[in-house]
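Lettering of chains follows the sequences in order, A, B, ..., and the numbering in each one begins at 1.
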There are 2 protein chains.
Amino acid sequence: MSRQSKPSKIEDIARMADVSIMSVSRAIRGVEGVSEKKRAEILKIARKMKYMPNSAARSLAVANSNLIGISLPTFAADVFAEILNGMRQTFDTAGYSSVIDTTEYDSEAELNWVRRLLSWQPAAIILTGTDHHPETRDLLKASPIPVLEIWDHTDDPIDICVGIDHFQAGQMIGEHAVSLGYQRPAFVSTPRGHDKRADARLEGIRRVFSQQRAAPVIAARPPLGNAFVTGFEGTKTLLANHAPDLICYLNDHMAFGGLMCCQAEGLSVPDDIGVIGFNGLDLATVLPIKLTTVRTLRRLMGITGARNLLARINGVPTELSKILPLELQPGQTTRPQTDNDLMKKGFFRSSQSLGR
Amino acid sequence: MSRQSKPSKIEDIARMADVSIMSVSRAIRGVEGVSEKKRAEILKIARKMKYMPNSAARSLAVANSNLIGISLPTFAADVFAEILNGMRQTFDTAGYSSVIDTTEYDSEAELNWVRRLLSWQPAAIILTGTDHHPETRDLLKASPIPVLEIWDHTDDPIDICVGIDHFQAGQMIGEHAVSLGYQRPAFVSTPRGHDKRADARLEGIRRVFSQQRAAPVIAARPPLGNAFVTGFEGTKTLLANHAPDLICYLNDHMAFGGLMCCQAEGLSVPDDIGVIGFNGLDLATVLPIKLTTVRTLRRLMGITGARNLLARINGVPTELSKILPLELQPGQTTRPQTDNDLMKKGFFRSSQSLGR
DNA sequence: CTGTTAGCGCCTTCAT
DNA sequence: ATGAAGGCGCTAACAG
């Protein structure tokens, strides 16, 4: 096939339309400074000549671009896919393109990617979490580029952030578990230090159990892998070495793997053991029993983050730090909260009235 | 915070190092033409001055970039995430950045994205499937940019392709089902025309059943949504209106939703009804019974595609069209193939000996 | 090995 | 409303 000899540039169009280069530039960008008549004609000719702008040239001239960099830990988790979806839609309609990176939870990799991305003078950069390589922070702090940190929350963001409070999420789970009377909780997570948010949630649970029950929380840390599988395997080793009456999971996928393991081990949920997930994924809606979990507003998070970031790009003031609410969703994988109901009604008091 | 006054450029470094701009350019790019002594010194100064290259300027000068565009239907499917992972790793280490798009199965959206992307003179473009807007094809055919079509297969790719034969996959499922003696098959899919690959697989199943059993295949097409949920819902309406003895699913996630539905409806799998998935996802490994499915090599597909594409970018000859193998994995969600085993041993013959 | 020259395609600025 | 001149930062191509 005849591969296009040479793409046309605005100069070619200017020559064809018998106008100056500037008129073409203005016409194409849609800025004022050309009569409507001229503009229409120029655009017609541009279309006929299959004109395609050169973003590099434009970017060089204006010292920025319509690229937005997005760094995620991984694609292998619906959670980030959903956040991403919410953002991409917003950016896409605003004319931005997404340069995406997956760090696999490696801050060095993130740093290298940020470096490469900055060379494109992107319109903005989005990072997952608030835990980055110090040089990444320095680099971004020193640049005029808007930065959004998403999913986690901090009082000291690089620029702006939208997320949830993972420690509080852990506390929420802990409070609920305590209110249901659980005594020997466990948490199936990822390798230590791998995911700061996971660690924060575990700390939240621990805080509550240590304060209100003086009980430890056993942490199981299966090796990395598919979430369903790590949930399954983590539970298996956990049950082999301990006798928890409740297992909390890093997320719903792992909780599902855990449920399958309990079933395989002949344990009945919630009679023999309780299970709590995290995120409130759609997966849970098809299960025969409703999963106790914490609902996170992932899509909203993506949309909110994108909106705030766009505002910042356009110089409009916006909230620098936004925390999204969490909602504990009691299900059938934990024991019913009869006692708790009674307590609420004031029949008797328990340790619950102590905490927080 | 003091936001960097003005990023340094190679000219600044040249001045500092007391050499010409070109020496700096060569030193930084790592090309020959500078003495090692000079290079070392230049790099040291560059680091000290926190030099950061300007990709737009480079791109403008050399008329290409190290951006690679990747278009996927959606993130909401592990399948594409896995393919993407395989690719990204390869590209990343080769120094490319990924500009990613999700079309949500809309060819117009894909076209618009391709247009925007082309303005960056990317090193390559990757599209999912072989079914595109005609203008997308024209645009890409006319450009000198390498194009990879992935996941599906065609004899007439835009440029090169790596994928599987979805029609053959359907036939594989059909053959297996026929060999197990199923008579009233159904297929739970997506809305008609939404996903060409889904349609191709259905056709493959239909071909086999019509040839070897003169039996139709009922197609259920639940509205779009979460795969687990659509699998569940599609099965529900299917069972309300028909009495299939086998349900094939678009993918393992939907098959899982279907299994949950069967359970909810009081049907025993595989005694009352058979279930076949697609892809061989890790999810299946944690289920109490092994899912009958077709294994696809998604990660390999990503890696192979990336490798071939890199070769093409570098002008090295590579295979233009690669089909990856499929493997039917018999599981416990379809009835055991005793009869079939007997047939293999030659005890008696059946319609099986007719086809193919 | 080193430096000079002349763009790459577009946009800002300043004339008219 | 229109156009001319100059530059964005970098790199081929050529000259020493």
* Measure from the side chain of S25(A), starting at C-beta and using heavy atoms only, and say which of dC11(C), dT2(C), dG9(D) lies closest. => dC11(C)
* **Whole angstrom value for the distance that separates C1' of dT2(D) from CD of E41(A)** => 15 Å
* Base, sugar-phosphate, or nothing for I21(B), non-hydrogen atoms under 4.0 angstrom? -> base
* **Atom-pair distance (CD1 on I28(A); P on dT12(C)), nearest Å** => 14 Å
* Structure fact -> Expected list for residues 51-63 of chain B near DNA chain C, using heavy atoms below 4.0 Å, is L60(B), A61(B)
* What distance separates L309(A) CG from I68(A) CD1, expressed to the nearest 0.5 Å? -> 5.5 Å
* With under 30° as parallel and over 60° as perpendicular, where do the rings of F80(A) and W151(A) fit, or are they tilted in between? -> perpendicular
* What is the distance from atom CD1 of I70(A) to atom CG of L148(A), rounded to the nearest 0.5 Å? -> 9.0 Å
* Asked: Distance check: side-chain N/O of K38(B) vs OP1/OP2 of dT2(C), anything under 4.0 Å?
  -> yes
* Count the heavy atoms belonging to other residues, nucleotides or ligands that lie under 6.0 Å from CD of E104(B), then report whether that count exceeds 12. => yes
* In Å, rounded to the nearest 0.5 Å, how long is the span from CG of D159(B) to CG of L127(B)? -> 10.5 Å
* D78(A) and R298(A): side chain to side chain contact (heavy atoms under 4.5 Å, CB included), yes or no, with the steps? -> CA-CA 10 Å; D78(A) 290 4; R298(A) 302 170 300 282; over 6 Å; no
* To do: Rounded to the nearest angstrom, tell me the gap between atom CH2 in W120(A) and atom C1' in dC8(D).
  => 15 Å
* Is S20(B) near enough to dT4(C) that one of its side-chain N or O atoms lies under 4.0 angstrom from OP1 or OP2? -> no
* Give R26(B) one of three labels, base, sugar-phosphate or nothing, depending on what nucleic acid heavy atoms sit under 4.0 Å from its own. => base
* Flag the pair R137(B) and D156(B) as a salt bridge only when some basic side-chain nitrogen lies within less than 4.0 angstrom of an acidic carboxylate oxygen. => yes
* Atom pair distance, as rounded to whole Å: CD in Q121(B) and P in dC10(C) -> 10 Å
* Asked: Please give, in whole Å, the distance from dT11(D) P to R29(B) CZ?
  -> 5 Å
* Could you state the CE-P distance from M22(B) to dA13(D), rounded to the nearest angstrom? -> 11 Å
* Structure fact -> Rounded to whole Å, the NZ-P distance (K6(A) to dG7(C)) equals 12 Å
* Given atom CD of E32(B) and atom C1' of dA13(D), what is their separation to the nearest angstrom? -> 16 Å
